[in-house]
Amino acid sequence: MEPSPRFPWMQTALHLGQLARGGARWEVYLQSEPHPDVGAIRGRLHFLADDRHRATTWIFLEWTEKEVVDRARQFSAGELWTFLEGLTP
């Protein structure tokens with residue numbers, strides 16, 4: 001049996017890749033789920049590095065899961081770094 005993930009959202013999240021700059025390494029995940037009110041799929045980004053976790057608000061809203069994934073994959077590494085830097089306390 002596989003160990004349970006650190007965060008419940010990780011059970012269904014899609015790993016988009018890794019951001020690396022200098023000694024910093026962040027894993028990037030896309031969480032998506034049905035929006036409870038509008039019959040569409042919403043998504044947000046999670047960034048993990050060791051014991052640090054940062055997440056955007058729900059920034060995607062599309063009719064299908066595939067559209068959410070396609071939109072998330074359009075971000076460049078530089079744009080993902082901008083998101084992350086805006087989330088860092």
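Just so you know, these numbers come straight off a predicted model, no measurement behind them.
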Indicate the atoms forming the closest heavy-atom contact of [X] with [Y], along with that distance.
| X | Y | result |
| --- | --- | --- |
| Ser32 | Ile41 | CB-CG2, 4.0 Å |
| Glu79 | Gln74 | OE1-O, 3.9 Å |
| Arg44 | Phe60 | N-CD1, 4.2 Å |

Spell out, yes or no, whether [X] and [Y] are grouped together once hydrophobic residues are joined by side-chain heavy atoms under 4.5 Å, including indirect joins.
| X | Y | result |
| --- | --- | --- |
| Leu80 | Leu16 | yes |
| Val69 | Tyr29 | no |
| Ile59 | Val68 | yes |

Do other residues, nucleotides or ligands put more than 12 heavy atoms under 6.0 Å from Trp63 CH2?
no
What is the distance from atom [atom1] of [X] to atom [atom2] of [Y], rounded to the nearest 0.5 Å?
| X | Y | atom1 | atom2 | answer |
| --- | --- | --- | --- | --- |
| Thr57 | Arg42 | OG1 | CZ | 8.5 Å |
| Trp9 | His46 | CH2 | NE2 | 4.5 Å |
| Glu33 | Thr12 | CD | OG1 | 8.0 Å |
| Glu65 | Asp70 | CD | CG | 10.5 Å |
| Gln18 | Arg25 | CD | CZ | 5.5 Å |

Heavy-atom side-chain proximity of [X] to [Y] below 4.5 angstrom:
| X | Y | result |
| --- | --- | --- |
| Leu30 | Leu45 | yes |
| Leu84 | Arg54 | yes |
| Pro8 | Gln31 | no |
| Met10 | Leu48 | yes |

May I ask you to check whether Phe83 and Phe75 place their ring centres under 6.0 Å from each other?
yes
Mind checking whether Phe47 and Trp26 have parallel, tilted or perpendicular rings, split at 30° and 60°?
perpendicular
